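Keep in mind that what you see is a predicted model, and the values were worked out from it rather than measured. Whatever order the structure lists ligands and atoms in, that order sets their numbers, starting from 1. Below, all heavy atoms of this structure are taken into account, side chains as well, without hydrogens, waters or symmetry copies.
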Amino acid sequence: MDIKDKVIVITGAGGGLGRAMALQLAKQGAKLALVDLGNDALQVTLDQVVALDANAKTYNADVSNETSVESTFSQIAEDFNGIDGLINNAGILRDGLLLKAKDGDVVSKMSLEQFQSVIDVNLTGVFLCGREAALQMIKYKRQGVIINMSSVARQGNMGQTNYSASKAGVVAMTVTWARELGRYGIRVGAIAPGVIRTAMTDAMKPEMRERLEKMKPVGRLGTPEEIAHTAKYIFENDFFTGRVIEIDGGLAM
Ligand code: NAD
């Protein structure tokens, strides 16, 4: 896909990776529909891409709400006369152990609400946005591209039952959609970043971050720009579909 003049939707566009991907695509001449939960950060992303002369608009939507996602994607398609690309990027963390026991007694457990809230955004949100983007691509006869954000945690990670399950599910949907949507000329790929410096990782305890840096052969966390570069590659490479790119500095969990 030649990114120039293509209409690309980015969810979670106010966040660290969402903003970096918006800036990268703006530089390639994409038209951008920036989706987030109506926060100031979304406006900052808009201001930065407009400064690069991008044609862009913001949309406030909760990706886990079906009605909100359906109306947002049909509005975007109407505003831009179709949709060519989606980066399914909105995501949250609510880490905790499955169970904690002391002296043989279970003292705490991950609540269903803690599990479900992450599944709602990271898995159901990706499902709803992917479905509505594909619907609009078919309706407007576009050979589109969908990119789903997974994580290295998809392999399973301490304290991340909810997050790991959601990110593994995202890769399974990527392969399924690539097979189902290939007949309409739609490609689907996933990116599984290792730990990248954003607000999400800045909130970590410093000793935890240092430990992660030491676990990577490259000796540092990734940058949002390195993930944006990966998204650009998936959009541009027409032979890429149904696969996940692990971009993690060689991290082994
Ligand atoms: P971030 O917290 O900086 O940004 C996430 C954005 O998603 C925020 O702007 C937030 O408002 C938005 N969001 C949350 N819930 C939403 C909802 N229900 N509807 C709409 N928007 C919602 O996070 P980030 O680091 O930029 O991560 C982006 C994606 O990359 C996430 O899916 C994350 O799981 C994944 N990821 C990040 C890292 C990392 O190291 N930063 C590593 C692996 C995967």
Side-chain angles (χ1 to χ4, degrees), residues 9-24 33-46 48 58-73 76 86-95 116-130 132 146-157 160 162-171 173-174 190-204 208-209 212-213 215-216 218 220-228 230-231 244-249 251 253:
V9 184
I10 304 174
T11 67
L17 300 189
R19 182 172 302 155
M21 293 189 282
L23 289 167
Q24 168 71 261
L34 306 168
V35 179
D36 210 308
L37 291 168
N39 39 31
D40 295 345
L42 183 60
Q43 186 60 40
V44 174
T45 302
L46 179 70
Q48 292 189 5
T58 57
Y59 299 84
N60 299 341
D62 175 353
V63 296
S64 66
N65 180 304
E66 184 173 31
T67 317
S68 160
V69 173
E70 284 174 343
S71 60
T72 301
F73 277 77
I76 293 169
L86 164 68
I87 306 181
N88 240 328
N89 167 73
I92 60 167
L93 281 173
R94 281 192 64 191
D95 292 356
Q116 194 64 50
S117 58
V118 173
I119 298 295
D120 285 349
V121 177
N122 296 10
L123 189 63
T124 308
V126 166
F127 158 69
L128 290 172
C129 294
E132 293 310 303
I146 297 172
I147 299 176
N148 297 325
M149 293 303 288
S150 178
S151 162
V152 278
R154 78 192 171 104
Q155 290 152 357
N157 193 26
Q160 295 196 313
N162 45 10
Y163 188 77
S164 295
S166 71
K167 295 301 186 183
V170 157
V171 172
M173 288 199 289
T174 301
I191 302 174
V195 189
I196 310 299
R197 279 213 78 139
T198 64
M200 208 182 234
T201 45
D202 284 346
M204 274 180 182
M208 172 72 175
R209 203 166 47 235
L212 281 165
E213 283 168 351
M215 283 163 76
K216 292 178 185 257
V218 296
R220 63 171 176 85
L221 302 188
T223 66
E225 291 69 29
E226 285 163 334
I227 303 305
T230 311
V244 53
I245 299 182
E246 294 191 323
I247 171 129
D248 58 9
L251 175 76
M253 289 200 147

Report task. Let me see the working for D36 and T45 under side-chain contact (heavy atoms from CB on, under 4.5 Å), right down to the final yes or no. Result -> CA-CA 10 Å; D36 210 308; T45 302; over 6 Å; no
**Report entry** Where A231 and I87 come nearest, the two heavy atoms and their spacing
**Finding:** CB-CD1, 4.2 Å
**Report entry** side-chain contact (heavy atoms from CB on, under 4.5 Å) evaluation trace for E225 with L23
**Finding:** CA-CA 9 Å; E225 291 69 29; L23 289 167; over 6 Å; no
Report task. Using a strict cut-off of under 4.0 Å between a residue heavy atom and any atom of ligand 1, list the qualifying protein residues by chain and number. Result -> G12, G14, G15, G16, L17, D36, L37, N39, A61, D62, V63, N89, A90, G91, I92, V121, M149, S150, S151, Y163, K167, P193, G194, V195, I196, T198, M200, T201
Requested in this report: May I ask you to decide if M149's main-chain N or O and K167's side chain share a donor-acceptor pair within less than 3.5 Å?
Outcome: yes
Query raised in the report: Within a reach of under 6.0 Å around CG of D40, are more than 12 heavy atoms found that belong to other residues, nucleotides or ligands?
Result: no
Requested in this report: Would you check if the side chain of S71 reaches a backbone N or O of S68 as a donor-acceptor pair within less than 3.5 Å?
Outcome: yes
